[in-house]
S.K.: 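First, the structure itself, so that you have it in front of you.
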Amino acid sequence: MTVSSAATTPRLRFAPSPTGYLHVGGARTALFNWLYAKHFGGVFLLRIEDTDKARSTDESERAIFNGLEWLGLNWDEEVVHQGANLERHQRDAQALLDAGAAYRCFCTAAELDERRKEADSRKEAFKYDRRCDRLSADEVERRVAAGEPHVIRMRAPDTDVEWNDLVHDRIAFPGKDIDDFVILRSDGTPIYNLAVVSDDIAMRVTVVMRGDDHISNTPKQILIYRALGAELPTFAHLPMIHGLDGKKLSKRHGATAVGDYQHLGLIPGAMLNFLALLGWSPGGDREVMTMEEMIELFSVDGLQRKAAIFDPKKLEWMNGQHLSVISLEELEPRVTPAIIAAGLADVKTLEDRREWYRSLLDLLRVRARTIDDIVRQAIPYFADQIEYDADAVAKYWKDPSEARSILSATKDALAAGPWDSISLESALRTLADTRGVAAGKIFQPLRVALTGLTVSPGIFEMLMIMGRDLALHRLDTAIAKLA
RNA sequence: GGCGCUAUCGUCUAGGGGACUAGGACGGGGCCCUCUCAAGGCCUAAACACGGGUUCGAAUCCCGUUAGCGCUACCA
């Protein structure tokens, strides 16, 4: 066996099975693999584990691609499909047989099931009793020649298996607890543990980073590596993600697919940042980070051993933070499709008023936690007609004639002078003084007239971004409505 | 049942023998700012699962208990 130099570039892979959508747990596993690769100048590979034909679909494969692409977790080299490597898997099984590390087993699934139940009823741990390993060579040959169906099993040695896990340090399994596990089915297709090892060797994967639900597969896989004479990769087992109730994250917990969050108006940078913090810490108080910062700060030392609970509240907060700090160049293309989908404007309008549009986004993003929040808030600046919120009317237009009087005085004051925020503000504050009321008595009814809502950005910022025509038009409409 | 993994505020975490009166963040409560809502600033409640060791000294090291989770297929 050759000893590789320490300078070998790390090769990592994310290996989902295409049996659903890209789950946030999977996304986080992918992220850590990706961060490791980027941080250490390595390579990030993608392998689709589609050997379970019954459950794998093209649709979910596409969903996985889309999810990873949306997140920006780009992979190097061609996507590997495990199902395409059947011949190599079989060759490796044969090699294991030839090397004496594995043997043929003629026990049927039904027989095994029966024995398993028996052991169960006696409250004993079931372990294959190796009866087929004791068959004579002649008998095996005869039964194979007769075409009797059989599987291939690894002959697990009694020695303990241990490895130095990147996140858990030393993990050890007593040899006596490792079963003679099946590596090739009677139909000639490989079992997971064989396919994984065979592919990881072929892909020259040096770091196997995956969920800790694979810890108990690891000793079996190590046995295969050794029997195949391959160098062991470094293993890293990441903790799971749980829902708010502490159970494994599932559909019951609401959105669990990355695509769900995309549609909920999250941005990938925030999603990634949030996911990274679920199971990893850069140390100290660091929280809001860009991709570049995460790559820079990534270290296996910060990897957590404990399962983390997915907290949607913090995700939202994180998204709000990212919405506020990313550049307008980055924000705009994320919001525009949503604005268009909501029917507020078309592409041309947005392009024609590019600068104005960007100022609007800049104004709205500070009080938004999702893209959808921005779209909702943007309505008054685009729509021809606005709806008046009942509570807003009840509260600030309580007395219609009084409200009408204030609004028309407001309109006159605004229309009289130049349209800049300083002039507008002084006009309205003067009006308040003249009428002997607090400024809020002017601002709030005006806010309702302009937006139909009680909540909006600052009144002068709003007047400026709406522009004279639209603002005055809104006032006319409101005054007419109150008549 | 067996094997394995894990255990700091409700949640995410800092912490790697003395710097701990255990720090930060989300969420909660309060105050400030203020034309509303956010954002921001300040303050506040809130945790080392339990029991033994080791040590002059333990959130930190070891052992046990308990609890949670995972695996225990001719699934991946």
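Here is the naming used below: chain letters follow the sequence lines, and residue numbers restart at 1 for every chain.
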S.K.: Return the value, rounded to whole Å, for the distance between atom NZ of Lys176(A) and atom C1' of U72(B).
M.R.: 14 Å

S.K.: Rounded to whole angstroms, how far apart are CG on Leu323(A) and P on C37(B)?
M.R.: 21 Å

S.K.: Among U11(B), C74(B), A25(B), which nucleotide sits nearest the side chain of Ala109(A)?
M.R.: C74(B)

S.K.: Salt bridge check, Glu287(A) against Lys314(A): does any charged N sit closer than 4.0 Å to a carboxylate O?
M.R.: yes

S.K.: Between His253(A) (NE2) and C69(B) (C1'), how many Å, whole number?
M.R.: 13 Å

S.K.: Determine whether Thr51(A) and Thr189(A) satisfy the following criterion, side-chain contact (heavy atoms from CB on, under 4.5 Å), listing intermediate values before the conclusion.
M.R.: CA-CA 8 Å; Thr51(A) 50; Thr189(A) 59; over 6 Å; no

S.K.: I'd like to know if Arg153(A) and Asp180(A) make a salt bridge, using a cut-off of under 4.0 Å between side-chain N and carboxylate O.
M.R.: no

S.K.: Please give, in whole Å, the distance from U13(B) C1' to Leu278(A) CG?
M.R.: 10 Å

S.K.: Check Arg376(A) with Asp373(A), please: is the shortest side-chain N to carboxylate O separation under 4.0 Å?
M.R.: yes

S.K.: Is there a donor and acceptor pair closer than 3.5 Å between the side chain of Asn193(A) and the base of A76(B)?
M.R.: no

S.K.: Classify Glu461(A) by what it touches in the nucleic acid, base, sugar-phosphate, or nothing, heavy-atom distance under 4.0 Å.
M.R.: nothing

S.K.: Within the 4.0 Å heavy-atom criterion, would you say Pro457(A) contacts the bases, only the backbone, or no part of the nucleic acid?
M.R.: base

S.K.: Considering heavy-atom distances to RNA chain B, does Lys220(A) or Asp50(A) have its closest nucleotide positioned more toward the 5' end?
M.R.: Lys220(A)

S.K.: Using the C1' atom as the point on both nucleotides, what is the distance between C63(B) and U55(B), in whole Å?
M.R.: 16 Å

S.K.: Are there more than 12 heavy atoms of other residues, nucleotides or ligands under 6.0 Å from atom CG of Asp58(A)?
M.R.: no

S.K.: Among Arg305(A), His237(A), Arg170(A), exactly one meets side-chain hydrogen bond (donor to acceptor under 3.5 Å, both in side chains) together with Asp165(A). Which residue is that?
M.R.: His237(A)

S.K.: Between C26(B) atom P and His322(A) atom NE2, what is the distance in whole Å?
M.R.: 13 Å

S.K.: Pick the C1' atom in A59(B) and in C3(B), then give their distance to the nearest Å.
M.R.: 29 Å

S.K.: Both distances under 3.5 Å, Watson-Crick or G-U wobble: report the partner of U66(B), or none.
M.R.: A7(B)

S.K.: Using both distances under 3.5 Å as the test, list the Watson-Crick or G-U wobble partner of G28(B), or none.
M.R.: U44(B)

S.K.: Quick one: the side chain of Ser186(A) and the base of C74(B), do they pair up donor-acceptor inside 3.5 Å?
M.R.: yes

S.K.: Contact class for Val151(A) (heavy atom, under 4.0 Å): base, sugar-phosphate, or nothing?
M.R.: base

S.K.: Which nucleotide, in any strand shown, forms a Watson-Crick or G-U wobble pair with U21(B), with both distances under 3.5 Å?
M.R.: none

S.K.: Tell me: CZ of Arg376(A) to P of C37(B), nearest whole Å?
M.R.: 18 Å

S.K.: Asp169(A) CG to U60(B) P: how many Å, rounded?
M.R.: 17 Å

S.K.: More than 12 foreign heavy atoms under 6.0 Å from CD of Glu387(A): is that the case here?
M.R.: no

S.K.: Test: ring pair (Phe, Tyr, Trp, His ring centres under 6.0 Å). Region: residues 106-131 of chain A. Which pairs qualify, not counting sequence neighbours?
M.R.: Phe106(A)-His150(A)

S.K.: Are there any protein N/O atoms within less than 3.5 Å of an N/O atom in nucleotides 4-8 of chain B, and if so, which ones and at what distance?
M.R.:
{"unit_1": "C5(B)", "atom_1": "O3'", "unit_2": "His168(A)", "atom_2": "ND1", "d": "2.9"}
{"unit_1": "U6(B)", "atom_1": "OP1", "unit_2": "His168(A)", "atom_2": "ND1", "d": "3.1"}
{"unit_1": "U8(B)", "atom_1": "OP2", "unit_2": "Lys306(A)", "atom_2": "NZ", "d": "2.6"}

S.K.: How long is the line joining CZ of Phe274(A) and P of C12(B), in whole Å?
M.R.: 10 Å

